[in-house]
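First the structure, in the form of structure tokens, and then the observations on it.
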4 protein chains.
Amino acid sequence: MNNTDKKFRRRAEARPDEMLDAALAVFSEKGFAATKVDEVARRAGVSKGTVYLYFPSKEALMEGIVRRAVAPIAERAVPDMAQFEGDPRLPIAMLVHTLQNLLSDPNNLAVPRLILREIMNFPAIAELYRREVLGKVIPALTALVARGVASGQLRKVDPEMTVRSIVGPIVAHVALSEVFGMRPEEGLALDRLVENHLDILFHGISPAGGEETP
Amino acid sequence: MNNTDKKFRRRAEARPDEMLDAALAVFSEKGFAATKVDEVARRAGVSKGTVYLYFPSKEALMEGIVRRAVAPIAERAVPDMAQFEGDPRLPIAMLVHTLQNLLSDPNNLAVPRLILREIMNFPAIAELYRREVLGKVIPALTALVARGVASGQLRKVDPEMTVRSIVGPIVAHVALSEVFGMRPEEGLALDRLVENHLDILFHGISPAGGEETP
Amino acid sequence: MNNTDKKFRRRAEARPDEMLDAALAVFSEKGFAATKVDEVARRAGVSKGTVYLYFPSKEALMEGIVRRAVAPIAERAVPDMAQFEGDPRLPIAMLVHTLQNLLSDPNNLAVPRLILREIMNFPAIAELYRREVLGKVIPALTALVARGVASGQLRKVDPEMTVRSIVGPIVAHVALSEVFGMRPEEGLALDRLVENHLDILFHGISPAGGEETP
Amino acid sequence: MNNTDKKFRRRAEARPDEMLDAALAVFSEKGFAATKVDEVARRAGVSKGTVYLYFPSKEALMEGIVRRAVAPIAERAVPDMAQFEGDPRLPIAMLVHTLQNLLSDPNNLAVPRLILREIMNFPAIAELYRREVLGKVIPALTALVARGVASGQLRKVDPEMTVRSIVGPIVAHVALSEVFGMRPEEGLALDRLVENHLDILFHGISPAGGEETP
DNA sequence: CATGAATGAGCGTTCATTCAT
DNA sequence: TATGAATGAACGCTCATTCAT
């Protein structure tokens with residue numbers, strides 16, 4: 001009798017997590033509405049009733065997926081970016097590269113893609129995402145840009161709007177690829193995108209005669 | 001019995017159009033899945049059976065909405081941008097301002113928003129949109145940028161990726177506003193976004209010591 | 001194509017009534033909880049969906065049954081008993097005989113039996129029954145007895161409690177028969193019950209000139 | 001660890017009894033169908049599995065409740081009433097007063113009320129109750145009345161039917177109060193009912209020397 | 001053309017019961 | 001004995017689609 005034996009796994013505490021994994025997989029394949037709870041259960045290797053032992057409803061599975069994915073972001077101390085003292089382009093580049101790394105792994109792409117797909121039917125999730133992720137990242141970025149402008153390290157741009165210029169190209173690139181299948185011949189080519197994006201962005205936000213990209 | 005009489009208008013050939021209007025309205029309010037054909041019919045002032053007289057299924061309503069909205073774009077001669085001979089920043093700015101105008105009118109926003117919301121459940125629509133809209137606009141933009149680079153009117157940027165830098169900030173701005181309700185205090189503030197966006201974009205893609213924004 | 005043709009009956013207005021008939025039959029057989037809506041539908045000769053076309057829920061069927069049965073009682077002018085001028089024993093006997101007639105027909109017995117069976121799970125129905133039936137019949141009877149006592153045509157009894165003595169034996173008899181299957185050898189024998197009941201009610205069981213209550 | 005310790009009390013043989021208490025409480029509150037075994041277990045302070053250790057099914061809890069309540073009645077020597085030699089009105093009055101006392105205590109009311117509520121869904125319980133309670137009390141009463149008639153101590157009434165006149169008013173009074181909430185202003189007022197009931201039962205409602213039944 | 005009554009497959013959810021520990 | 005995680009059959013309700021009128 002080994003560890004993968006059903007009998008043994010019965011009381012594993014990972015059970016809810018396994019169900020979220022299964023739910024994420026099926027939701028991603030067929031969409032929330034077209035997914036049957038039965039299928040989530042089967043994929044998780046349990047019976048339908050067991051799903052309801054851990055999650056009160058099909059919607060709760062959705063929320064669970066998002067909450068689990070959002071938690072580390074929410075916990076991570078995003079705002080220390082604002083206290084950064086040097087060239088603001090450094091943390092901006094770092095953030096962009098972090099995003100790049102995150103999005104490179106298809107596993108990490110699954111949740112945002114699912115959120116993108118279903119969010120408008122789940123106001124509660126939109127609110128959660130807005131509060132825990134966007135509500136932290138965007139103000140931090142805005143403050144960073146504002147400080148750069150104030151210190152003269154950046155041109156006199158509109159900080160709030162500039163945030164859109166920082167993340168927008170990445171969003172557009174991923175959406176084009178994931179939603180419409182419009183991707184470069186080599187594949188997702190995130191590195192190419194990021195390189196070009198930062199090149200334009202930094203030439204665009206740097207003072208006249210600006211130095212090299214960090 | 002005069003011309004405005006319901007009986008009379010009922011026989012107008014505009015009937016399918018009225019149904020698409022109704023469907024767009026309800027789909028936008030509640031989402032496709034949560035919308036009952038009954039409600040579309042009621043909103044259009046006809047009976048449920050009549051809807052099926054013109055559209056073979058609920059999905060067909062969705063497709064009809066998109067097809068109708070996409071038609072003018074598909075017909076419009078997008079590619080003449082590519083033949084533009086002068087400063088490529090001019091047609092880029094024009095495109096951005098056209099987008100700005102389009103998105104300023106909430107009516108025009110309805111269809112893209114609905115597409116954004118439902119597209120992942122409708123591969124056929126994604127394909128249609130990709131083929132008729134993105135497949136025309138993006139290559140045209142790419143070509144435009146490529147020509148600018150070739151002629152030295154733009155810096156040596158990656159044309160394909162630069163397209164993401166052109167439309168991305170607008171997409172991000174609208175998505176932030178429409179999906180997450182994150183909008184500036186004044187409202188959508190598209191003009192502020194566009195001004196800042198073009199400012200950064202043109203400083204970023206212009207050759208060193210680049211001139212003013214056109 | 002005759003009147004019983006399914007095609008013809010399609011638009012009959014009797015549809016809801018037929019469903020209530022079917023529901024009454026099945027509820028009576030198996031009880032509310034054990035009855036499947038599917039079975040009600042089948043018994044009514046329609047599909048499950050059709051039931052929900054006329055009644056919003058399974059409970060609504062229950063309420064519909066009771067409401068329909070109660071309506072004529074509620075409408076019938078019960079209170080003219082109170083204005084009766086002569087010997088109050090006459091309307092009392094009449095009421096008892098009316099009850100006897102009602103209960104003789106098994107069809108009439110079905111609804112009260114169902115009510116008796118399910119009432120404690122349907123507070124709304126209890127309230128309806130209390131208001132529309134008991135709330136009219138019992139005060140009327142009480143008033144009748146009170147008037148009889150006042151006029152000296154009845155002994156000095158407690159009118160409110162005496163009402164229990166008027167209807168109680170009948171209730172007990174029917175309950176014994178319907179609920180526990182305890183019935184006389186001849187069958188329900190309502191006439192024997194009523195005759196004996198009125199005899200005792202009007203004279204008591206003590207021999208003429210009977211002594212004090214022990 | 002002392003005697004009141006949960007661990008200790010848990011092993012008491014009273015365990016099944018505690019479960020019946022819990023079941024009675026919950027069944028009374030919500031009805032049998034709406035009660036979850038889980039809740040009975042929680043109320044009894046044990047786990048769901050333990051309930052099934054003592055009772056093979058949810059229905060068995062119901063039967064257990066009734067059987068336990070019925071046992072003392074069944075054991076008590078009811079029939080000695082029949083051997084009573086004096087005025088039959090005496091044991092009749094005694095029985096009524098016994099009933100009155102029983103019903104005065106809400107605790108005693110719980111089981112009959114539950115039986116009343118659920119009996120039609122439990123033929124086995126109806127049968128048990130019929131055999132052990134009604135099947136003993138009613139024949140005893142019938143015999144008592146029959147003897148009274150035979151001895152001339154009662155008028156020539158129908159013994160079998162007269163039993164309904166003895167218990168019916170009490171049943172009706174309690175049902176009116178418990179099922180429909182129709183009770184006198186002072187409360188249940190069982191004493192008032194019993195006094196009036198016996199008065200009428202023994203004397204009727206007609207004035208002394210009252211005329212024929214109308 | 002238009003209606004709307006009728007259909008019935010489909011799915012989320014509940015809960016009594018089981019059984020490995 | 002006692003536990004409580006797991007099961008899965010069962011059922012109420014919805015709604016896209018059809019079709020007789």
Side-chain angles (χ1 to χ4, degrees), chain A residues 1 5-13 15 33-42 44-61, chain B residues 7 10-11 15 33-42 45-61, chain C residues 1 5-13 15 33-42 44-61, chain D residues 7 10-11 15 33-42 45-61:
Chain A
M1 198 189 283
D5 195 314
K6 223 176 181 178
K7 312 286 176 55
F8 188 88
R9 290 178 56 224
R10 226 187 170 207
R11 288 169 180 270
E13 291 101 23
R15 195 47 61 84
T35 293
K36 292 167 262 217
V37 175
D38 236 341
E39 174 134 21
V40 173
R42 212 175 313 131
V46 299
S47 75
K48 190 160 43 161
T50 303
V51 173
Y52 282 91
L53 211 55
Y54 293 94
F55 298 92
S57 70
K58 190 183 167 189
E59 289 207 6
L61 283 169
Chain B
K7 301 281 174 52
R10 272 190 157 186
R11 308 206 163 262
R15 184 61 53 80
T35 293
K36 296 167 233 188
V37 175
D38 232 343
E39 175 138 18
V40 172
R42 213 177 311 130
V46 300
S47 77
K48 195 163 34 164
T50 304
V51 173
Y52 281 89
L53 223 50
Y54 291 93
F55 298 92
S57 72
K58 191 183 167 188
E59 289 206 5
L61 283 169
Chain C
M1 196 189 284
D5 194 316
K6 222 178 184 178
K7 313 287 175 59
F8 187 88
R9 289 178 57 224
R10 227 186 168 207
R11 289 167 182 270
E13 292 101 24
R15 195 48 61 85
T35 293
K36 292 167 263 219
V37 174
D38 238 340
E39 173 134 20
V40 173
R42 210 175 314 129
V46 299
S47 76
K48 188 163 41 161
T50 303
V51 173
Y52 283 91
L53 212 56
Y54 293 94
F55 297 92
S57 70
K58 191 182 166 189
E59 289 207 4
L61 283 170
Chain D
K7 300 280 174 51
R10 273 189 156 186
R11 307 204 166 264
R15 184 60 53 80
T35 293
K36 296 167 233 190
V37 174
D38 231 344
E39 175 137 17
V40 173
R42 211 176 313 131
V46 299
S47 77
K48 195 162 38 161
T50 304
V51 173
Y52 281 89
L53 223 51
Y54 292 92
F55 298 92
S57 72
K58 191 182 166 188
E59 290 205 5
L61 283 169

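Computed from a predicted model, the values in this text were never measured in an experiment. Each chain gets a letter, A, B and so on, in the order its sequence line appears, and its residues count up from 1.
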Along DNA chain E (nearest heavy atom to each residue), the more 5'-positioned of B:Val51 and A:Glu59: B:Val51

Candidate nucleotides F:dA5, E:dA5, F:dC13, ranked by approach to the side chain of C:Lys48 - the nearest: F:dC13

For atom CZ of C:Arg15 and atom C1' of E:dT7, their distance in whole Å: 12 Å

Under the side chain to side chain contact (heavy atoms under 4.5 Å, CB included) test, residues paired with A:Ala60 that sit two or more places apart: A:Phe55, A:Pro56, A:Ser57

Distance in angstrom units between C:Leu53 CG and F:dC15 P, rounded: 13 Å

DNA chain F base-pair string [pairs: Watson-Crick or G-U under 3.5 Å; |: paired with another strand]: .||||||||||||||||||||

OP1 or OP2 of E:dT13 under 4.0 Å from side-chain N/O of A:Tyr52: yes

Rounded interatomic separation in angstrom, taking CZ from A:Arg42 and P from E:dC11: 11 Å

Where at least one partner belongs to residues 45-54 of chain B, residue pairs that pass salt bridge (charged side-chain N to carboxylate O under 4.0 Å, His left out), sequence neighbours excluded: B:Asp38-B:Lys48

Rounded distance (Å) that lies between atom P of E:dT14 and atom CG of A:Asp38: 15 Å

Non-hydrogen atoms of A:Lys58 and A:Thr35 that approach each other most closely: NZ-O, 2.8 Å

Residue mapping more 5' on DNA chain E - nearest nucleotide basis, A:Gly49 or A:Ala33: A:Ala33

Any B:Ser47 side-chain nitrogen or oxygen under 4.0 Å from OP1 or OP2 of E:dA2: no

Length of the CG-C1' vector between A:Leu61 and E:dG12, whole Å: 12 Å

Closest nucleotide among E:dA2, F:dA2, F:dA16 to the D:Tyr54 side chain: F:dA2

Closest-nucleotide 5' rank along DNA chain F - winner of A:Thr50 and B:Pro56: A:Thr50

Contacts of type side chain to side chain donor-acceptor pair (under 3.5 Å), residue C:Thr50, not counting sequence neighbours: C:Ser47

A:Lys58 side chain, from C-beta outward: closest of E:dA6, E:dG12, F:dA16: E:dG12

Among F:dG12, E:dG4, F:dA16, the one nearest B:Val37 by side-chain distance: F:dA16

